Number of protein chains: 2
Amino acid sequence: MTRNRWVSELHWRREGQQTRSEKTQAALLDAAEALILEKGTEGTSIADIANRAGSSVGAVYHHFKDKTALYYALFHRMTDAYAQLNAEASNPALWTDATVRDLFRGFLEISLTAAQRTGAAKAAVSAVIADHPALAAHYAEIQRETRKSLLKFVLERRDEIGRPDAEEAAAFAVDQCLAMVRAYLDPSQTAAKLQSLNDAQFIDRTVEMMALFLRLPPAKSA
Amino acid sequence: MTRNRWVSELHWRREGQQTRSEKTQAALLDAAEALILEKGTEGTSIADIANRAGSSVGAVYHHFKDKTALYYALFHRMTDAYAQLNAEASNPALWTDATVRDLFRGFLEISLTAAQRTGAAKAAVSAVIADHPALAAHYAEIQRETRKSLLKFVLERRDEIGRPDAEEAAAFAVDQCLAMVRAYLDPSQTAAKLQSLNDAQFIDRTVEMMALFLRLPPAKSA
DNA sequence: ATTATCTATAGATCTATAGATAATGC
DNA sequence: ATTATCTATAGATCTATAGATAATGC
């Protein structure tokens, strides 16, 4: 008997119609996420995941081809959300009247929103990546996209940049901005000061730093 | 028969006299490190490690109480090196005539040297931490020490800082500097521009950014 | 009648130990 | 004679499947 259709690329089932299925899948992924955070991937077994989700081992294998497929699904659940947000933010129509300051601010706001949505998922996904090095490439690709589109928008406003080495400095500043977001969001990075700030303060400080470095014109309405 | 003495805290044997022992232990840790990088912790078995090291399963258990002890040893091999370097750099005598610029520069140089020494270890250790969440606290503690001593030295030179909010800004800048080092060193972070720089360029740029942000006096000899 | 779930378990690991052998130390 | 190493394997997982039962869909 053919059990089901698998979306081979994503390693898990689409099937938008069955809400029962979706709930179970989500519960299993949530359970895996929580357990990985608590005990790491090595300490987490299929039975553990099924129990935590209030489900059974058999159900796990009904929904996921194997353990790797489950981990891949967990990975994609988070990265797909990121990739989509990034795609939306890359629409030039959103930024027609934006200054470089606005771009950095917008990027920071979007990143923080995304982080709030994904929540604990990110740390668990990091563990999954550590155990499945093949996934690292896809994750890096998404981040590369983000970086690329932000840099492109900044460079389209090159005339705002007061430095003679505008191009190089902009690339440096973009990397910088990404590094800041990571330090701010990652609780394992002991950036005590950053983490004592609230989102608005963090964004203000970071934009200010970028402006100083790139010698941007003063903010219009402040 | 009592097999051996274990240093319970570190979970592995000290024993500085037997070079044969030390070589085997190092080979086992090297093998574990390489395998974890390739296949993650979950995919790596004791037998794999023993084979890669040209050793045997029995030898592994002669040197390490259990698999966790081996992973802990791998973890400590890296973090001990970091902690020691940090302790050395925290000696005020080293920095008697240093400016704030010199402090940042010194910190960056030390971090890069440390990274070169530890090499691939860091990524493997990240995977180990992901699988043994208990270790995260110790790692964070070491980084907190580094952060703290750099910030202390900077604040002792508060008069160099041109900003009215010197204290807050210094803390922000220190976190910033740590975030930059991470982005520069971590190949999984897609900081394309940073990674295209060589060490000296990276350090110059970063120090410059800190100087702009904190409004430090211009460099003396440039 | 098709999809989702469960229980029970075969088969494949993998960890850790026991016991024997080889290498070093006195 | 003490320490380091090996081979072989018991016992404990853990993954994935088979087959039965419950829930939904037409």
Side-chain angles (χ1 to χ4, degrees), chain A residues 1-7 11-32 35-36 39-74 128 131-132, chain B residues 1-7 11-32 35-36 39-74 128 131-132:
Chain A
M1 138 176 96
T2 43
R3 303 262 286 196
N4 231 306
R5 290 144 279 137
W6 302 94
V7 179
H11 291 259
W12 68 321
R13 311 174 64 231
R14 277 204 213 104
E15 195 167 53
Q17 65 274 49
Q18 314 261 50
T19 50
R20 189 159 72 122
S21 259
E22 281 171 0
K23 272 190 186 169
T24 306
Q25 282 182 16
L28 289 170
L29 295 181
D30 290 345
L35 287 167
I36 288 169
K39 314 198 288 174
T41 52
E42 200 168 13
T44 300
S45 72
I46 303 276
D48 285 341
I49 293 169
N51 287 343
R52 168 77 66 114
S55 185
S56 67
V57 171
V60 171
Y61 283 95
H62 178 69
H63 289 283
F64 303 99
K65 200 183 69 194
D66 54 22
K67 199 187 185 186
T68 300
L70 189 150
Y71 281 160
Y72 277 39
L74 184 57
V128 171
D131 241 315
H132 298 268
Chain B
M1 142 177 88
T2 45
R3 304 263 288 195
N4 231 307
R5 291 146 278 137
W6 303 93
V7 179
H11 291 262
W12 68 321
R13 310 176 63 232
R14 279 205 210 101
E15 195 165 54
Q17 64 275 50
Q18 315 260 48
T19 52
R20 189 159 73 123
S21 258
E22 280 171 1
K23 272 191 189 173
T24 306
Q25 281 181 15
L28 289 169
L29 295 181
D30 290 345
L35 287 166
I36 288 170
K39 314 198 291 174
T41 51
E42 200 168 13
T44 300
S45 72
I46 303 275
D48 284 341
I49 294 169
N51 288 344
R52 170 75 68 112
S55 185
S56 68
V57 170
V60 171
Y61 284 96
H62 178 69
H63 289 284
F64 304 99
K65 199 183 70 194
D66 54 23
K67 199 185 184 188
T68 299
L70 189 151
Y71 281 160
Y72 277 38
L74 184 57
V128 171
D131 242 314
H132 298 268

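Keep in mind that what you see is a predicted model, and the values were worked out from it rather than measured.
When rounded to the nearest whole Å, the span between CG of B:L35 and P of C:dC14 equals 12 Å. As a whole-Å value, the separation of A:I46 CD1 from C:dA8 C1' is 17 Å. Separating the NE2 atom of A:H63 from the P atom of D:dA16 is a distance of 16 Å, rounded to the nearest angstrom. In this structure, the NZ atom of B:K39 is 12 Å from the C1' atom of C:dC14, given to the nearest Å. Remark: C1' of C:dT17 and CZ of B:F64 are 18 Å apart, rounded to the nearest angstrom. Atom-to-atom, CG of B:D66 to C1' of C:dC14 comes out at 14 Å; the value is rounded to the nearest Å. Computed from coordinates, the A:D48 CG to D:dA16 C1' distance equals 16 Å when rounded to whole Å. B:K23 has its NZ atom 16 Å from the C1' atom of D:dT5, to the nearest Å.
Side chains of A:F64 and A:L74 form no contact here, defined as non-hydrogen atoms less than 4.5 Å apart. Here the side chains of B:D66 and B:Y71 are not in contact, with every heavy-atom distance at 4.5 Å or above.
Checked against D:dA16, C:dA16, C:dA4, the side chain of B:K67 finds its nearest nucleotide in C:dA16. Residue B:S56 places its side chain closer to D:dC6 than to any other of D:dA8, D:dC6, C:dT7. For A:V57, the side-chain atoms get nearest to D:dA16 when compared with the rest of D:dT5, C:dT5, D:dA16. Across D:dC6, D:dC14, D:dA4, the shortest atom-to-atom separation from the side chain of B:A59 is found for D:dC6. In this structure, of D:dT5, D:dT15, C:dT17, it is D:dT5 that holds the atom nearest to the side chain of B:T24.
Across every non-hydrogen atom of B:V57 and B:A47, the tightest pair is CG2-CA, 3.9 Å. Between B:H63 and B:Q25, the shortest heavy-atom distance links the atoms ND1-NE2, 3.1 Å. Pairing each heavy atom of B:A50 with each of B:V60, the nearest pair is CB-CG2, 4.0 Å.
An OP1 or OP2 oxygen of C:dA16 is reached within less than 4.0 angstrom by a side-chain nitrogen or oxygen of B:Y61. Between A:S55 and the phosphate of C:dT5, there is no side-chain N or O to OP1/OP2 separation shorter than 4.0 Å. The phosphate of C:dT5 (OP1 or OP2) has no side-chain N or O of A:H62 nearer than 4.0 angstrom.
Nearest-nucleotide positions on DNA chain C for A:E42 and A:G54 put A:G54 closer to the 5' end.
Applying the salt bridge (charged side-chain N to carboxylate O under 4.0 Å, His left out) rule to pairs touching residues 45-62 of chain B yields B:E38-B:R52, B:K39-B:D48, sequence neighbours excluded.
Judged purely by atom type and a 3.5 angstrom limit, B:D131 has no side-chain atom pairing as donor or acceptor with the backbone of B:T41.
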Exercise. Taking Watson-Crick and G-U wobble pairs with both distances under 3.5 Å, convert DNA chain D into its dot-bracket string, 5' to 3', dots for unpaired and | for cross-strand pairs.
Key: ||||||||||||||||||||||||..
